[in-house]
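Okay, structure first, notes after.
Quick caveat, the model's predicted, so the values are computed rather than measured. Note: hydrogens, waters and symmetry copies are ignored here, and every other heavy atom, side chains too, is used.
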Amino acid sequence: MKERPLYLIENFIDHSLNEAELRELQQLIRKDPDVGNALAEATHLHGLANTVQHEDDSDLTKRVNESIIDLSPNQLEQAVIQAIKKQPNRRNRSILPLWGLAIAAQILIIIALSLISGSGPDDGSVKIATVANCTGSTFVVNGETKKRITAGSALNSGDQVFVEIDSAATIVYTDQSELFLRDRSYIKLVDLDGAKHIHLFAGVLHGDIRKQPKGKPMRVHTEHSRATVLGTQFEINSSNDSDLLEVIEGSVEIEKSDGQEGLEVGQHEYAVAQPAHSIQVKTQGVPLYRSPLITKDSPGQGVDIEVDITGAKKLYLVTTNGGDNNRFDHVVWLNAKLLGSNEYDLREIPWGIAKAGAHNTQLDKGYYDNPIQVEDITYEHGITTHATSVIAYDLPQGCTHFKATAALLDTALAPSNATPSVRFEVYTELPENKLQKLRIRKLHY
Amino acid sequence: MNSLNETIARVRAGKMNAYKEIVHEFSPMIRVYLSGHIRDFRDVEELSQEIFVAVYMNLDSYNPDLSFPAWLKAIARNKLMSYFRRHYSQKNMTNELRSEIIEHLPEPELAANAATTDVMKQLTRCVAKQTEEAAQLIQARYFDREPVMEIAARLKTTEDSISSKLYRIRKQLKRCIEGGLTA
């Protein structure tokens with residue numbers, strides 16, 4: 001087969017054909033059945049490979065079975081709430097059939113504690129929040145209904161919100177409490193007698209929460225923990241590996257799903273919840289330096305950094321993903337030096353940790369083995385990495401300053417639809433919460 | 001599994017648990033089909049669930065004289081088109097053209113002639129038999145889902161060259177899989 005149809009087939013699969021090329025491919029398929037067969041085989045092979053990788057992850061049969069049971073999940077939840085409130089002693093009486101109770105048990109695990117203080121039914125059709133804005137692809141599921149949401153969409157109790165890849169959403173409750181969801185985040189909102197409950201299935205949830213009514217704290221439930229929020233700014237990263245709760249302002253009480261006693265996490269503290277480990281509360285690392293947000297529009301695509309590190313024994317160079325996602329966040333630390341009693345080129349000092357959000361941290365190489373280039377200027381030397389990244393060094397004695405230029409590589413800007421954004425940070429204490437976040441999000445990805 | 005028509009009859013008679021057998025039997029076929037066009041596996045799982053719920057709801061309209069897999073595939077194709085309309089809400093010709101192309105694609109020979117789970121097993125075996133260069137390309141393209149443009153940039157070659165190599169690799173894999181299925 002000729003090269004042109006094969007080129008079009010591969011780029012069709014990559015969603016990178018424009019309208020004229022799609023028409024060309026369509027014409028080729030009509031004229032030559034072999035082209036259609038080749039495209040069908042190519043997509044089939046993609047499908048086989050993808051399914052082989054996820055063969056063990058699927059509980060599709062179980063989920064389908066639960067879906068086809070008569071009541072929708074939201075109605076079932078309401079029925080369970082009513083049943084429990086009417087029947088405080090359920091030993092001898094069961095309102096729901098056994099199959100309904102089996103499913104209700106799963107929901108009860110999540111909401112049981114908060115039902116004790118509830119009074120009065122929750123009407124699932126009552127609006128509890130609004131989508132303030134959203135980018136990319138975001139949709140809401142309630143029962144079997146699924147629809148895309150946009151700015152201004154109303155959200156009701158029981159709604160499950162899905163924020164897909166390269167997307168984000170901000171949700172505002174009626175009391176002006178705000179939730180910000182990063183890409184690949186999935187939550188369910190439940191309002192029980194005025195108490196806000198959020199089930200964070202996976203992803204990153206940032207909350208800026210007004211003071212909640214007495215006796216009705218906001219709760220965030222994940223696979224590993226439950227956090228009780230009184231009126232606070234916080235962020236929770238969650239995946240099947242673990243949760244990381246960071247409190248920016250106020251305080252949050254966190255307890256593990258296995259019933260471990262709750263601990264309070266205060267301002268500038270963080271806690272990690274993971275299976276088979278106790279929760280520990282620690283102080284968030286404070287960077288000695290934090291850059292402004294660097295994007296393709298930043299002068300020089302980067303920033304000059306000079307930091308006093310007198311007395312430090314360790315140096316940690318952190319590149320964060322700018323708060324959206326880490327796609328195309330390729331960066332370089334140029335002319336990185338340690339100054340003091342001696343001058344050291346940082347490239348000559350072996351790193352102890354070199355974590356990157358994608359690909360690897362490298363010396364003197366750009367991405368895809370291209371040279372290091374920033375604004376079309378080629379550099380022979382530099383430390384390249386991909387956000388979110390942590391690179392750690394043991395410092396020689398006598399260092400007083402760290403100096404470097406940190407910038408986005410030109411490869412980050414190469415695709416026309418790339419929107420890289422990063423921040424550069426310098427620490428002299430281990431930024432453990434950054435490493436933990438990297439672990440959770442990498443596993444989540 | 002009991003004969004398919006018997007299982008369908010049991011489901012129609014109200015034996016909901018019998019439907020699990022149908023889902024278990026045909027979910028690999030549906031997941032492979034969807035995964036060829038949808039990159040995010042979470043979306044594949046969700047859409048698969050939607051499809052099997054729709055099949056259950058419409059089981060009364062299934063004509064047992066027709067091929068069940070073909071009927072199921074038709075429902076899946078409609079759901080896939082709806083998915084594209086939901087997820088690509090910009091009304092532009094690009095998305096319409098993509099949908100038209102996918103809608104009229106023929107059934108791949110391997111999918112038509114063998115059970116999906118058998119093909120998947122053979123795929124794993126056949127990938128292991130490839131040369132190192134081919135295996136690396138297979139890993140990058142089909143398992144890591146690296147775009148052709150990035151593979152070409154990384155290997156410092158042209159997209160045409162990579163596209164041609166992938167075509168030859170697919171032919172080799174198909175021959176190997178067919179050989180394994182008939183052995």
Side-chain angles (χ1 to χ4, degrees), chain A residues 1 3-4 6-7 9-19 22-23 25-26 29 33 36-55 57-58 60-61 63-65 67-69 137 139 144 146-148 162 164-165 184 186 367-370 411 414-415, chain B residues 16-17 19-20 23-24 27-28 31-37 40-41 43-45 48-50 52-53 56-57 86-87 89 92-94 97-98 100-101 104-111 119-120 123-124 138 142-143 145 147-150 153-154 156 159-160 162-164 166-167 170 173-174:
Chain A
M1 187 169 294
E3 279 186 342
R4 182 65 183 168
L6 297 178
Y7 167 89
I9 284 170
E10 296 301 334
N11 281 277
F12 177 88
I13 289 168
D14 290 338
H15 292 246
S16 55
L17 292 181
N18 60 32
E19 184 182 324
L22 282 167
R23 288 191 189 282
L25 177 60
Q26 196 176 40
I29 291 173
N37 287 330
L39 176 56
E41 283 178 1
T43 55
H44 188 226
L45 185 54
H46 274 281
L48 285 168
N50 203 19
T51 306
V52 159
Q53 287 184 94
H54 293 98
E55 209 173 348
D57 298 343
S58 178
L60 181 62
T61 306
R63 286 186 288 111
V64 169
N65 208 46
S67 294
I68 63 177
I69 287 168
S137 175
F139 57 92
E144 288 182 17
K146 176 178 172 178
K147 59 181 180 184
R148 280 197 67 151
F162 293 77
E164 301 200 282
I165 192 169
R184 293 201 181 214
Y186 313 101
Y367 269 89
Y368 315 125
D369 293 326
N370 288 324
T411 48
Chain B
M16 262 191 316
N17 272 341
Y19 191 60
K20 282 186 201 171
V23 176
H24 185 73
S27 59
R31 287 159 76 211
V32 167
Y33 172 64
L34 296 177
S35 299
H37 302 292
D40 189 330
F41 203 74
D43 282 1
V44 168
E45 286 293 286
S48 299
Q49 185 178 341
E50 248 183 74
F52 281 104
V53 170
Y56 175 81
M57 306 287 243
R86 287 200 302 267
H87 284 73
S89 63
N92 60 49
M93 283 309 298
T94 306
L97 285 165
R98 278 194 67 86
E100 276 180 35
I101 289 171
H104 295 103
L105 277 181
E107 184 80 352
E109 282 178 27
L110 277 177
V119 174
M120 280 160 57
L123 173 65
T124 309
I138 291 168
Y142 297 112
F143 290 91
R145 301 209 108 165
V148 164
M149 178 180 74
E150 291 196 12
R154 177 164 57 80
K156 294 190 176 154
E159 287 184 54
D160 282 341
I162 297 296
S163 302
S164 298
L166 288 169
Y167 178 68
R170 286 198 296 275
L173 284 174
K174 186 181 166 194

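To the nearest 0.5 Å, the span separating OH on B:Y142 from CG on A:N50 amounts to 13.0 Å. Here CG of B:L97 is found 10.0 Å from CG of A:L17. Values are rounded to the nearest 0.5 Å. The CD atom of B:E100 sits 8.0 Å away from atom CZ of A:R23, with the distance rounded to the nearest 0.5 Å. Annotation: the span from B:I101 atom CD1 to A:L25 atom CG amounts to 4.5 Å, rounded to 0.5 Å. To the nearest 0.5 Å, atom OG of residue A:S137 and atom CG of residue B:D43 are 7.5 Å apart.
With respect to chain A, the highest number of heavy-atom pairs below 4.5 Å among B:A153, B:P147, B:S35 belongs to B:S35. For chain A, the option among B:E50, B:M149, B:E159 with the highest count of heavy-atom pairs below 4.5 Å is B:E159. The greatest number of non-hydrogen atom pairs below 4.5 Å with chain B, out of A:P33, A:G36, A:A42, is found for A:A42. Taking chain B as the reference chain and counting heavy-atom pairs below 4.5 Å, the highest number among A:M1, A:K147, A:E3 is found for A:E3.
For the side chain to side chain contact (heavy atoms under 4.5 Å, CB included) test, residues two or more places apart in sequence or in another chain that qualify with A:R4 are A:Y7, A:L8, A:E21, A:E24.
For the pair B:K174/A:E41, a side-chain contact is recorded, criterion being any heavy-atom separation below 4.5 Å from C-beta on. Residues B:I138 and A:L45 form no side-chain contact, since every pair of their non-hydrogen atoms from C-beta on lies 4.5 Å or further apart. By the 4.5 Å heavy-atom criterion applied to side chains, B:I162 and A:E10 are not counted as neighbours. The shortest side-chain heavy-atom distance between B:H104 and A:I29 does not fall under the 4.5 Å cut-off. Looking at heavy atoms from C-beta onward, A:I9 lies out of side-chain contact with B:L166 at the 4.5 angstrom threshold. Looking at heavy atoms from C-beta onward, B:E107 lies out of side-chain contact with A:H44 at the 4.5 angstrom threshold.
In this structure, no portion of B:Y33 lies under 4.5 Å from any heavy atom of chain A. Of the two parts of B:L173, only the side chain, counted from C-beta on, holds a non-hydrogen atom closer than 4.5 Å to a non-hydrogen atom of chain A.
In plain terms, the two heavy atoms of B:P106 and A:A40 that are nearest each other are O-CB, 3.4 Å. The minimum heavy-atom distance linking A:Y186 with B:D40 is given by the pair OH-OD2, 4.4 Å. Contact record, A:L48 with B:V32: N-CG1, 3.7 Å, taken as the closest heavy-atom pair.
With hydrogens and angles ignored, the 3.5 Å screen pairs a side-chain donor or acceptor of A:D14 with a backbone N or O of B:V148. Using a distance-only test at 3.5 Å, with no hydrogens or angles considered, a donor-acceptor pair links the side chain of B:R98 to the main chain of A:F12.
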